[in-house]
Amino acid sequence: MDKKDFAIDVGFGFAEPEKIAKAFGLAKLPQDKGYIVIWTTTPWTIPGNQALNVHPDYDYNLVETERGLLILAADLQESSLARYKLGGKTLASCKGKALELIAFQHPFYERLSPVYLGEYVALDTGTGIVHSAPAYGVEDFDSCRRYGMKDAQILTPVMGDGKYVSSLPFFGGMMIWKANPEIVKKMDETGTLFHSEDYVHSYMHCWRHKTPIIYRASTQWFASMDAPPGFKGEKPAESLRATALRGIGNTRFYPDWGQARLHGMIKNRPDWTLSRQRQWGVPMPFFIHKETNELHPRTLELLEQVAQRVEQGGIEAWQTLDAKDLLGAEAEQYVKIKDTLDVWFDSGSTHQTVMGGPGAHASGAGSHGADLQFPADLYLEGSDQHRGWFHSSLLVSCMLNGVPPYKGLLTHGFVVDGHGRKMSKSMGNVIAPQKVSDTLGAEVLRLWVAATDYSGELSISDEILKRVVEGYRRIRNTLRFLLANTADFDPKAHALPVEDWLEIDRYALALAQRLQQEMVRDYDNYDFHFVAQKLQAFCSEDLGGFYLDILKDRLYTAGKDSKARRSAQNALHQILQRLVRLMAPILSFTAEEIWAIAGDGEAAASVFTHTWDEYPAAGGSPELLERWTKIRGVRAEVQKQLEEARVAGKIGSSLQAEVEVRASGDKLALLQSLQDDLRFVLITSSAVLTPVAAAADEAVIVKASAHAKCERCWHYREDVGADADHPGLCGRCVSNLYGAGEPREHA
C-alpha cells in the first residue's frame with residue numbers, strides 16, 4: 001500500500017581523508033571536511049546503520065561544494081546537487097571498488113561505517129550510495145555477513161513491538177514511526193542533513209491489519225540445510241539437503257512434474273527457520289544461558305519434564321512455568337525462551353506421531369501400532385503444498401529417519417468455474433458440493449471429481465455437471481441391462497466353460513479383460529480421469545453401442561435355457577461381477593447397490609471387502625480382439641449406409657433392411673466365417689455376401705425388405721406365417737419356442 005515517509009539525503013562525515021584521497025588518485029584532499037551522501041526513505045533505520053554500500057563498477061565523483069567535499073555517483077551528481085541547491089566542481093573520479101572498506105562517521109553516533117561493495121546498488125534514484133542497517137534489510141544483512149560481521153555484532157535497537165530499546169541514545173523507547181521526524185531533526189542539528197521531503201511510495205503492509213511492517217533481524221532457531229562452519233554439534237555425514245534430495249529421487253510423483261518442482265525448492269532453499277515469536281503455538285521449551293547463549297546441558301531431560309507437564313495441564317503449562325520449578329537456583333543464570341515452533345514443523349511431524357519411524361509399526365509405536373507402516377504409500381494435497389506440508393514433512397523425516405515419510409506424492413489443482421476463474425461469493429460463481437449432492441446425487445459429484453484431470457485446475461459449472469449426469473446415466477443404464485438380463489441366471493447351475501460360449505461372447509469377455517488391465521494400471525498411477533473415461537467408453541461404445549445391441553436379439557428370442565442365451569448370460573455375469581468392482585472406488589454407492597442384488601452369491605457382504613477378480617481365460621484373446629476389431633470396422637461401414645437409407649426414408653429400423661456386402665480378399669474371408677450370423681452382427685433381417693475381384697469393387701447395398709415382420713423378433717422374414725398354428729411368427733421363433741431352437745456359433 002502507499003505510505004508517506006521522509007525521503008532524506010544524509011551525509012556520513014570523512015573519517016579517513018588520506019584513504020579517500022588515495023582512492024581518488026589525489027596526493028591530498030583540498031579540505032578535510034566532507035561527506036559521502038546517502039538517500040533513504042526509512043530514517044528510522046539510521047540508528048541501526050553499520051555500513052555503506054557502493055557498486056564496484058559505477059563511477060563516483062569527489063565534488064567540491066560550499067558545504068564541503070561530497071562523494072556522489074557520477075550519474076546522479078547533477079540531480080543530487082540540484083536537490084541540495086548547491087553548486088559543485090568535480091575534483092576527481094574513481095570506481096566504486098576503490099572506496100572499499102574506507103570508513104565514514106555516523107551522522108549522530110560516535111561510530112564508523114565502512115564501505116562494502118554491493119551489486120544491488122542502483123542508479124534509478126538517490127545518490128548511488130546506500131546506507132546499510134543489517135538488522136533491517138535482507139541485502140544489508142547478507143552484505144555485512146559477507147564482510148565478516150558476526151551475529152553478536154549486528155545492532156538491533158528496534159524491539160518486537162516496533163519501539164527502540166530504552167538504552168538507545170536520543171530515541172530510546174520511541175515508536176519508530178514517531179521517531180522519524182525526531183531523527184530528521186537530529187541530523188539537521190548535527191549538520192549532516194542535506195535534504196528532506198515528504199515522499200509517497202509503495203510500502204509493505206500487513207495484509208490483515210493494513211498497517212506498515214518492517215524487516216527485523218532477531219535471534220532464531222534453524223534447521224541447517226548444509227551444516228555450515230560454526231554448526232553446533234556433530235556435523236552429520238550427509239547434509240539435510242543432500243538427504244532430502246536423495247529422498248526425492250526415490251519418491252514417485254503424480255503427476256511427474258512435481259518431482260522437478262520439489263527438487264528445485266529443496267535445492268535452492270535457505271536454512272529452515274524453526275522458531276516464531278508468537279504467544280500461541282507449540283513452545284520451544286529451551287533454557288539459554290544469559291552470558292554464553294548456550295542451551296542448558298540437561299536440555300533433553302528438561303524437554304521430557306516439560307512434555308509431561310503439558311500432557312497434564314495443556315500447552316499453558318509452559319507459558320505459566322516458573323523456571324525455578326525445573327532449574328532451581330540455576331534459574332538465575334538462564335533465560336526461558338518464549339519462541340514457538342513454526343506451524344509447518346507441527347504439520348510436518350505428523351507422520352512421526354501417526355506412523356512412527358522405520359520399524360516402529362512392528363513394535364507397536366505410533367497411533368495405530370502395527371496397523372500402519374512407515375513410510376506412507378501416498379501423501380496427497382494441493383499443488384501449493386510442495387512448499388508446505390510435502391516440504392516440511394520431507395525435511396522433518398529426513399532429520400529423524402534419513403528418508404522421506406512417503407513413497408509417493410500426489411498433487412492436485414484447485415476448483416475453478418467453467419471459465420477458469422477462482423470461485424468467489426462476490427462473483428456469484430460458487431458451486432457448493434452439498435448442493436450438487438442434494439440435487440444431482442453424490443455419485444454425480446464423485447464422477448465429476450474422478451473424470452477431471454486433477455493435475456491442473458478442476459473446472460465445474462452447471463453445464464459441465466449436465467454432461468457428467470449424462471455420462472452417469474449411460475453407465476447406470478448399461479448396468480441395469482446387465483442386471484435385468486442375468487436375473488434368472490444361477491452361476492452354479494448355468495455356468496458354461498468359456499470354450500463353449502459363442503464367439504462374440506468370448507470377444508466381449510476379452511474386451512472386459514483388457515479394460516480391467518488398463519483400469520487397474522490407471523488406478524495404480526492415480527489416473528482417475530482415465531479410469532472414468534474408459535469406464536464410460538466401455539459402457540456406451542463397447543457394450544451399449546455394440547455388444548449389447550447385437551445381444552438383445554439372442555437374449556429376447558432364443559430359448560430360455562438354450563445354449564445361445566446361457567452363453568450370453570455367462571458373459572454378462574462375468575462382466576458385471578468385475579465391472580462393479582472396477583467402478584467401486586469412483587461410483588461407490590452405485591456399486592454397493594448392485595452388489596446387494598448380484599454380489600456373486602455374497603449379497604450380504606460389501607463390494608469393498610473384495611479385490612480385483614481375475615476373469616476366466618477367454619482363450620485366444622489377442623486373436624479374438626484383432627478379428628472382431630476388423631468385423632466392427634465393416635459393421636461401421638454398413639451402419640453408415642443404413643443411416644443414409646433411414647434419413648432418405650427408405651427404411652425405418654435397421655431390421656427393415658436387407659443388406660448386400662460386396663467384399664474381396666481378407667475382408668471376404670472374414671465375413672464368410674460368420675456365415676448366417678452376419679445378419680445378427682449387422683442387425684439386419686438379411687445379409688448377403690457377394691465376392692468381388694478387387695477392393696475397388698467393394699460396396700454396401702441397402703434395400704428395404706419386401707417380407708412381413710415377425711411380431712416376436714421383429715425381423716422381416718420370408719417364412720413369417722409359414723406355420724399355420726403361429727401365423728405371426730417366423731420359422732426361427734417357432735423353432736426357439738416349440739422346437740429344438742436355432743443353432744448359433746458366432747453371434
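In what follows, residues are counted from 1 in the order of the sequence shown. Note that these values count all heavy atoms, side chains included, but never hydrogens, waters or copies made by symmetry.
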Tell me, do R467 and I464 make a side-chain contact under 4.5 Å, heavy atoms counted? yes
Would you say the side chain of F538 lies within less than 4.5 Å of the side chain of T478, judging by non-hydrogen atoms? no
Side-chain donor-acceptor pair under 3.5 Å between S705 and Q656, yes or no? no
I'd like to know whether the aromatic ring centres of F608 and W595 sit less than 6.0 Å apart in this structure. no
May I ask you to decide if Q536's main-chain N or O and S540's side chain share a donor-acceptor pair within less than 3.5 Å? yes
When you measure from the centre of the six-membered ring of F489, is the NZ or CZ of R566 closer than 6.0 Å and no more than 45° off the axis? no
In terms of side-chain geometry, is the basic nitrogen of E644 or R646 positioned less than 4.0 Å from the acidic oxygen of its partner? no
Closest heavy-atom pair and its distance - P727, A724: CD-O, 3.6 Å
What I'd like to find out is whether the side chain of D505 reaches to under 4.5 Å of the side chain of R554, using heavy atoms alone. yes
Taking atom types as modelled, is there a side-chain donor on Q434 or D438 under 3.5 Å from an acceptor on the other? yes
Atom pair NE2/OG of H529 and S455 - distance to nearest 0.5 Å: 6.0 Å
Is there a side-chain hydrogen bond (donor to acceptor under 3.5 Å, both in side chains) between Q385 and T411? Walk through the geometry before answering. CA-CA 8 Å; Q385 296 306 313; T411 53; over 6 Å; no
Taking all heavy atoms of G545 and all of R635, pick out the closest pair and write down the distance. O-NH1, 3.5 Å
Quick check: do L509 and Q574 have side-chain heavy atoms less than 4.5 Å from each other? yes
Report yes if some heavy atom in the side chain of D719 is under 4.5 Å from a heavy atom in the side chain of V734; otherwise report no. no
Does S673 form a side-chain hydrogen bond (donor to acceptor under 3.5 Å, both in side chains) with R627? I'd like the steps, not just the answer. CA-CA 11 Å; S673 69; R627 168 178 162 79; 2.8 Å; yes
Charged N to carboxylate O below 4.0 Å: is that the case for D384 and R387? no
Exceeds 12 heavy-atom contacts within 6.0 angstrom, atom CH2 of W714: no
Check the pair E593 / R476 against salt bridge (charged side-chain N to carboxylate O under 4.0 Å, His left out), numbers first and verdict last. CA-CA 11 Å; E593 181 183 358; R476 189 174 181 87; 3.1 Å; yes
Side-chain contact test, heavy atoms from C-beta onward, threshold under 4.5 Å: evaluate it for F528 versus D522 and give yes or no. no
CG of L551 to CG of N485: how many Å apart, nearest 0.5 Å? 7.5 Å
I'd like to know if K630 pairs up with E626 as an ion pair, taking the criterion as any Lys NZ or Arg NE/NH1/NH2 lying under 4.0 Å from an Asp or Glu carboxylate oxygen. yes
Identify the heavy atoms of H351 and P405 that sit nearest to each other, and give their distance. CG-CB, 3.5 Å
Do any N or O atoms from the side chain of T609 and from the backbone of S606 form a donor-acceptor pair under 3.5 angstrom? yes
When you measure from the side chain of E503 to the backbone of E745, do you find a donor-acceptor pair of N or O atoms at a distance under 3.5 Å? no
Is the shortest distance from a Lys or Arg side-chain nitrogen in E541 or K534 to a carboxylate oxygen in the other one below 4.0 Å? no
Measuring centre to centre across the rings, with the benzene-like ring taken for any Trp, is Y738 within less than 6.0 Å of H726? yes
Taking all atoms of both residues into account, what is the closest heavy-atom pair of A663 and L671, and its distance? CB-CD1, 4.4 Å
Counting only heavy atoms from other residues, nucleotides and ligands, does the tally under 6.0 Å from OH of Y556 exceed 12? yes
Whether S735 side chain and G731 backbone form a donor-acceptor pair below 3.5 Å: no
Backbone of D490 reached by a side-chain donor or acceptor of H494 within 3.5 Å: yes
Search all heavy atoms of C710 against all heavy atoms of L729 and return the closest pair with its distance. SG-CA, 3.8 Å
Please indicate whether D666 has more than 12 foreign heavy atoms, meaning atoms of other residues, nucleotides or ligands, lying under 6.0 Å from its CG. no
State the CG-CD1 distance between L482 and I594, to the nearest 0.5 angstrom. 8.0 Å
Looking at R732 and D553, is there a salt bridge between them, counting it only when a charged N and a carboxylate O are closer than 4.0 Å? yes
Taking atom types as modelled, is there a side-chain donor on R712 or T557 under 3.5 Å from an acceptor on the other? no
How about C733 and C713: do any of their side-chain heavy atoms sit closer than 4.5 Å? yes
Would you say CZ of R421 has more than 12 non-hydrogen atoms from neighbouring residues, nucleotides or ligands within 6.0 angstrom? yes
Where does the angle between the aromatic ring planes of F253 and H386 fall among parallel (under 30°), tilted (30 to 60°) and perpendicular (over 60°)? parallel
Got a donor-acceptor contact below 3.5 angstrom from the S397 side chain to the V403 backbone? yes
Is there a donor-acceptor contact under 3.5 Å from the side chain of R581 to the main chain of Q577? yes
Residue pair L262, T251: steps toward the side chain to side chain contact (heavy atoms under 4.5 Å, CB included) verdict: CA-CA 11 Å; L262 185 56; T251 301; over 6 Å; no
Show, in sequence, the C-alpha distance, side-chain angles and deciding distance for S461 and D417, and conclude whether the side-chain hydrogen bond (donor to acceptor under 3.5 Å, both in side chains) test is met. CA-CA 6 Å; S461 66; D417 69 13; over 6 Å; no
Would you compute the distance between atom CG of L409 and atom CH2 of W389 and round it to the nearest 0.5 angstrom? 9.0 Å
Can a cation-pi geometry be assigned to R744 and F680, taking NZ or CZ under 6.0 Å from the six-membered ring centre and within 45° of the ring axis? yes
E614 backbone acceptor or donor facing R578 side chain under 3.5 Å: yes
In this structure, CZ of R252 is separated from CG of L410 (nearest 0.5 Å) by 11.0 Å
Tell me, with the steps shown, if Y716 and H707 meet ring pair (Phe, Tyr, Trp, His ring centres under 6.0 Å). CA-CA 5 Å; Y716 291 74; H707 302 300; 9.0 Å; no
Using a 3.5 Å distance criterion without hydrogens, assess whether the side chain of D527 forms a donor-acceptor pair with backbone atoms of Y523. no
Looking only at heavy atoms, the pair that brings A747 and V681 closest together is CB-CG2, 3.7 Å
Working to the nearest 0.5 Å, report the span between SG of C539 and CG of L515. 8.5 Å
Okay, side chain of W501, backbone of L496: is any donor-acceptor separation there less than 3.5 Å? yes
Hey, what's the ring geometry for Y379 with F390, parallel, tilted or perpendicular (30° and 60° as the breaks)? tilted
With a 4.5 Å limit on heavy-atom distance, are the side chains of I701 and V659 in contact? no
Salt-bridge test for R679 and E658: reply yes if a basic N is under 4.0 Å from a carboxylate O, no otherwise. no
Please report the C-alpha distance between T690 and E660 in whole Å, then the side-chain angles of each, then the deciding distance to 0.1 Å, and finally whether the side-chain hydrogen bond (donor to acceptor under 3.5 Å, both in side chains) criterion is met. CA-CA 7 Å; T690 303; E660 178 190 359; 2.9 Å; yes
State whether the number of non-hydrogen atoms from other residues, nucleotides or ligands found under 6.0 Å of E643 atom CD is greater than 12. yes
